[in-house]
Number of protein chains: 2
Amino acid sequence: MYSIQDVSNKTGLSTHTLRYYEKEGLISGVERSQGGFRQYTDEDLERLGLIRCLKNTGMSIQEIARFVQLTHEGDHTLEERVELLREHRERVLERMAEMQEHLDKVTWKLNFFTEKLKAYQAEQKKDKQA
Amino acid sequence: MYSIQDVSNKTGLSTHTLRYYEKEGLISGVERSQGGFRQYTDEDLERLGLIRCLKNTGMSIQEIARFVQLTHEGDHTLEERVELLREHRERVLERMAEMQEHLDKVTWKLNFFTEKLKAYQAEQKKDKQA
DNA sequence: CATGAAGTTGAAGTTTACTCTAAGGTGATA
DNA sequence: TATCACCTTAGAGTAAACTTCAACTTCATG
């Protein structure tokens, strides 16, 4: 059993964010102590692991909530969940290809400026000597 | 010379966004007709091209504005610009590696669910026959 | 030269994903 | 058993990046 602070330390998500995620339906059914304190299990941590993967690959909170909801509804939603992940995967692959393309252009520009800088510095040196 | 609508069509940015970018200092010095209408040149389009690359690789509006400002200040800012792009490039590479890692986990989960779905469907079929 | 589509501005509104605040209650420990 | 760090909630606040609105003005065309 982990306190919310423990989970925050383990995941890098703030305690605020953890409560917010719970409110939004991303992580439901977290146990409570008799006093009402959240007590996360290892299973909860694993669920948070998947959530982080989806989040970090650009899935919105709303879409993750949808996925989690389907999970709770049982095996008859397996097809929809597979479909959802498959589509997400496609979108991420496209996004990454696009990023790579744009990064290449940035790299090209960076090289261009690097050359220009060299020329500029050579010029400065010459001026100083004169 | 292109109207704002032309540029919107060419870049995929809305006319609203183009005006917003201008206000934020991302694209300055766009010519105007005597009546005050924006008239974009091919050079403006090229500048927008770089802006889109930076934007799409995750640079904030503020940081792009900073870069553009340095550009206007002349060659003595070349070093800072090179540094800025170099750092951005590093961040993007890290971000992409992270995304790839997380995507791998999503893919793993997807395969897991796909198998589970197959088993479930086989089960359903069996129940139907029974 | 009228008219309607497209442009202009400043300012307010929206969405997403947090993040913080206030006003408490809880629980380990000295 | 007091104390104090940590937890609870509802709700307000924030930041980024647009997006929409209102109230005009301009431009191309029949």
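Computed from a predicted model, the values in this text were never measured in an experiment. Naming: A, B, ... by sequence-line order, numbering from 1 per chain.
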### Query
Does A/Arg32 have a side-chain nitrogen or oxygen under 4.0 Å from the phosphate oxygens OP1 or OP2 of D/dT9?
yes
### Query
Partners of B/Ser33 by side chain to side chain donor-acceptor pair (under 3.5 Å), sequence neighbours excluded?
none
### Task
Just grab all the salt bridge (Lys or Arg N to Asp or Glu O under 4.0 Å) pairs involving residues 77-89 of chain B, residues at least two apart or on different chains.
B/Arg66-B/Glu80
Would you list the atom pairs, donor with acceptor, under 3.5 Å between side chains in residues 115-130 of chain A and any protein atom, with sequence neighbours excluded?
{"from": "A/Glu115", "atom 1": "OE2", "to": "A/Lys118", "atom 2": "NZ", "distance (Å)": "3.4"}

#### Entry: Pairs involving residues 76-108 of chain B, ordered by first then second residue, that meet ring-ring contact (aromatic ring centres under 6.0 Å, His included) (sequence neighbours left out)
B/Trp108-B/Phe112
### Query
Considering residues at least two apart in sequence or located in another chain, which fulfil the side chain to side chain contact (heavy atoms under 4.5 Å, CB included) criterion with B/Gln5?
B/Ser3, B/Ser8, B/Asn9, B/Thr15
### Message
I need the CD1-C1' distance between B/Ile64 and D/dA17, as an integer number of Å.
### Response
11 Å
### Message
Is it true that, when you exclude B/Gln62 itself, more than 12 heavy atoms of the residues, nucleotides or ligands shown sit nearer than 6.0 Å to its CD?
### Response
no
### Task
Mind listing the residues from residues 86-98 of chain B sitting with a heavy atom below 4.0 Å of DNA chain D? Number order is fine.
none
List the atom pairs, with distances to 0.1 Å, where a side-chain N or O of residues 91-99 of chain A and a protein N or O form a donor-acceptor pair under 3.5 Å, not counting sequence neighbours.
{"from": "A/Arg91", "atom 1": "NH2", "to": "A/Glu63", "atom 2": "OE1", "distance (Å)": "3.3"}
{"from": "A/Arg91", "atom 1": "NH2", "to": "A/Glu63", "atom 2": "OE2", "distance (Å)": "2.9"}
{"from": "A/Arg95", "atom 1": "NH1", "to": "A/Glu98", "atom 2": "OE1", "distance (Å)": "3.3"}
{"from": "A/Arg95", "atom 1": "NH2", "to": "B/Asn56", "atom 2": "O", "distance (Å)": "2.9"}

## Note on the structure
For nucleotides 14-30 of chain C, 5' to 3', base contacts (B), sugar-phosphate-only contacts (S) and non-contacts (-) with protein non-hydrogen atoms under 4.0 Å give ---BBBBB---BSS---
### Message
Between P on C/dG10 and CD on B/Glu24, what's the gap in Å once rounded to a whole number?
### Response
12 Å
#### Entry: Partners meeting side chain to side chain donor-acceptor pair (under 3.5 Å) with B/Ser60 (sequence neighbours left out)
none
#### Entry: Residue pairs, two or more places apart or on separate chains, that pass side-chain hydrogen bond (donor to acceptor under 3.5 Å, both in side chains) and touch residues 42-51 of chain A
A/Tyr2-A/Asp42, A/Thr41-A/Asp44, A/Asp44-A/Arg47
### Query
Quick check: does any side chain N or O of A/Thr57 sit under 3.5 Å from a backbone N or O of A/Cys53, one acting as donor and the other as acceptor?
yes
### Query
Listed by chain and number, what are the side chain to side chain donor-acceptor pair (under 3.5 Å) partners of B/Gln39, not counting sequence neighbours?
none
#### Entry: Distance, rounded to the nearest Å, where A/Arg19 contributes CZ and D/dT8 contributes C1'
7 Å
### Query
At under 4.0 Å, does any side-chain N or O of A/Arg38 touch on OP1 or OP2 of D/dT8?
yes
### Protein-nucleotide distance (B/Leu18, atom CG; C/dT8, atom C1'), rounded to Å
14 Å
### Members of residues 1-10 of chain A that approach DNA chain D, where some heavy atom sits under 4.0 Å away
A/Ser3, A/Ile4, A/Gln5
